[in-house]
Amino acid sequence: MPDRDLEAPPALAARGGTGIGRPALFLDRDGVINVDTGYPHRPEELAFTSTAIDGVRLANEAGCLVIVATNQSGVSRGLFGLEAVDRFHDAIRARMAAAGARIDAIYSCPYHPDGTVAAFRADHEDRKPRPGMLLRAMREWPIDRARSLMVGDKPSDLAAAEAAGVAAILVPANSCDLGAVVATWLGRIGGRAAA
């Protein structure tokens, strides 16, 4: 993995980190945690990418927060409702927990500017590439943004991270080695989050 993929954005490097809080591993959902089959939303459709559980567990063991930030435009497109998103997230958390891994928070954006459901038709600040979900997480959790990382499979994930002042890496959809990405990141930030 090239060194430049894990560098802090220039604006962040110039400011330096606050040193307050814990590093966070921000993860996109579809294509990074679970296989993206095209708007997956039923628990029976849940298939983790090959080392997703390992990567989350490594971050947990290092004392890092694990936070998911996911666009879920299927809601605005009328393909499924918010309840289906919640059930899918409950299934992710339960299966992760059964394997000794924990996701601390999941932020999802059901909005899309071209949605067919009027209540969710919007160009919302939470929709990546905007940084709304990451910024909200940083307000709600004790996060050291200078030592945090966003892992995504789309340029919009990286754009959201850059706008939030978080380092990011682009991985191949459905086949990233999250375990290796997390191990490399932990090595660069000192391997263990401050307690």
Exercise. Would you call Arg29 and Ile92 a side-chain contact if the rule is heavy atoms closer than 4.5 Å?
Worked result: yes

Exercise. Going by an N to O cut-off under 4.0 Å, is there a salt bridge joining Asp114 and Arg77?
Worked result: no

Problem set entry | Minimum-distance pair of heavy atoms, taken over all atoms of Asn60 and Val66 | ND2-CG2, 3.5 Å

Exercise. Just wondering, do Ser73 and Leu79 contact through their side chains at under 4.5 Å, heavy atoms?
Worked result: no

Exercise. So do Met96 and Phe48 actually touch side chain to side chain, heavy atoms under 4.5 Å?
Worked result: yes

Exercise. Is there a donor-acceptor contact under 3.5 Å linking the side chains of Tyr107 and Glu140?
Worked result: yes

Problem set entry | Side-chain heavy atoms of Ile169 within contact of Met150, under 4.5 Å | no

Exercise. Under a 4.5 Å side-chain heavy-atom rule over Ile, Leu, Val, Met, Phe, Trp and Tyr, are Val75 and Tyr39 clustered together?
Worked result: yes

For this session: Please answer whether the main-chain N or O of Gly38 pairs with a side-chain N or O of Asp36 as donor and acceptor at a distance below 3.5 Å.
Result: yes

Exercise. Under 3.5 Å, side chain of Arg102 to main-chain N/O of Ala97, donor-acceptor pair present?
Worked result: no

Problem set entry | Spacing of CG belonging to Leu58 relative to CD1 belonging to Ile53, to within rounding of 0.5 Å | 12.5 Å

Exercise. Where the side chain of Arg95 meets the backbone of Leu46, is there a donor-acceptor pair that is under 3.5 Å apart?
Worked result: yes

Exercise. Between the side chains of His41 and Arg87, does any donor sit under 3.5 Å from an acceptor?
Worked result: no

Exercise. Hey, are Asp28 and Lys128 close enough for a salt bridge, meaning a charged N less than 4.0 Å from a carboxylate O?
Worked result: yes

For this session: For Pro43 and Ala91, work out which heavy atoms get closest and say how close.
Result: CB-CB, 3.9 Å

Exercise. Which heavy-atom pair separates Gly100 from Arg57 by the least distance, and what is that distance?
Worked result: O-CG, 3.5 Å

For this session: Drop me the distance from Arg147's CZ to Leu25's CG, to the nearest 0.5 angstrom.
Result: 13.0 Å

For this session: Drop me the distance from Asp54's CG to Glu61's CD, to the nearest 0.5 angstrom.
Result: 9.5 Å

For this session: Can you see which heavy atom on Pro142 is nearest to which on Leu65, and at what distance?
Result: O-CD1, 4.0 Å

For this session: Without swapping roles, check the side chain of Arg121 against the backbone of His112 for a donor-acceptor pair under 3.5 Å.
Result: no

Problem set entry | Interatomic spacing from OG in Ser148 to CH2 in Trp185 - rounded to 0.5 Å | 6.0 Å

For this session: Take Leu149 and Arg188 through the side-chain contact (heavy atoms from CB on, under 4.5 Å) test and state the conclusion after the steps.
Result: CA-CA 11 Å; Leu149 176 70; Arg188 291 175 189 225; over 6 Å; no

Exercise. Are the side chains of Arg145 and Leu135 in touch, meaning some heavy atoms are under 4.5 Å apart?
Worked result: yes

Exercise. What distance separates Met138 CE from Leu134 CG, expressed to the nearest 0.5 Å?
Worked result: 5.5 Å

Exercise. Do any N or O atoms from the side chain of Glu162 and from the backbone of Ala159 form a donor-acceptor pair under 3.5 angstrom?
Worked result: no

Problem set entry | Taking every non-hydrogen atom, the tightest pair across Ala168 and Leu158 | CB-CG, 3.9 Å

For this session: Would you indicate whether the side-chain heavy atoms of Asp153 and Cys176 approach each other to under 4.5 Å?
Result: no

For this session: Would you check, one step at a time, whether the test side-chain contact (heavy atoms from CB on, under 4.5 Å) holds for Tyr111 with Gln72?
Result: CA-CA 7 Å; Tyr111 299 95; Gln72 289 301 309; over 6 Å; no

For this session: Measure the shortest side-chain to side-chain distance between Val171 and Val181 over non-hydrogen atoms and say whether it is less than 4.5 angstrom.
Result: yes

Exercise. Can a salt bridge be assigned to the pair Asp126 and Arg136 using a cut-off of 4.0 Å between side-chain N and carboxylate O?
Worked result: yes

For this session: I would like to know whether Phe26 and Val151 meet side-chain contact (heavy atoms from CB on, under 4.5 Å); could you show each step before the answer?
Result: CA-CA 6 Å; Phe26 290 102; Val151 180; over 6 Å; no

For this session: Could you note down all residue pairs passing side chain to side chain donor-acceptor pair (under 3.5 Å) where residues 171-183 supplies at least one of them, sequence neighbours left out?
Result: Thr51-Asp177

Exercise. Can you list the steps and then say if Leu178 with Ser50 is a side-chain contact (heavy atoms from CB on, under 4.5 Å)?
Worked result: CA-CA 8 Å; Leu178 190 58; Ser50 65; over 6 Å; no

Exercise. Hey, does Ile143 have a side-chain heavy atom less than 4.5 Å from the side chain of Ile67?
Worked result: yes

Problem set entry | Met133 with Val85, same ILVMFWY side-chain cluster at under 4.5 Å | no

Exercise. Of the non-hydrogen atoms in Leu82 and Pro110, which two are nearest, and what is the gap between them?
Worked result: CD2-CB, 3.8 Å

For this session: Please determine if Arg93 and Asp90 form a salt bridge, counting it only when a charged side-chain N lies under 4.0 Å from a carboxylate O.
Result: no

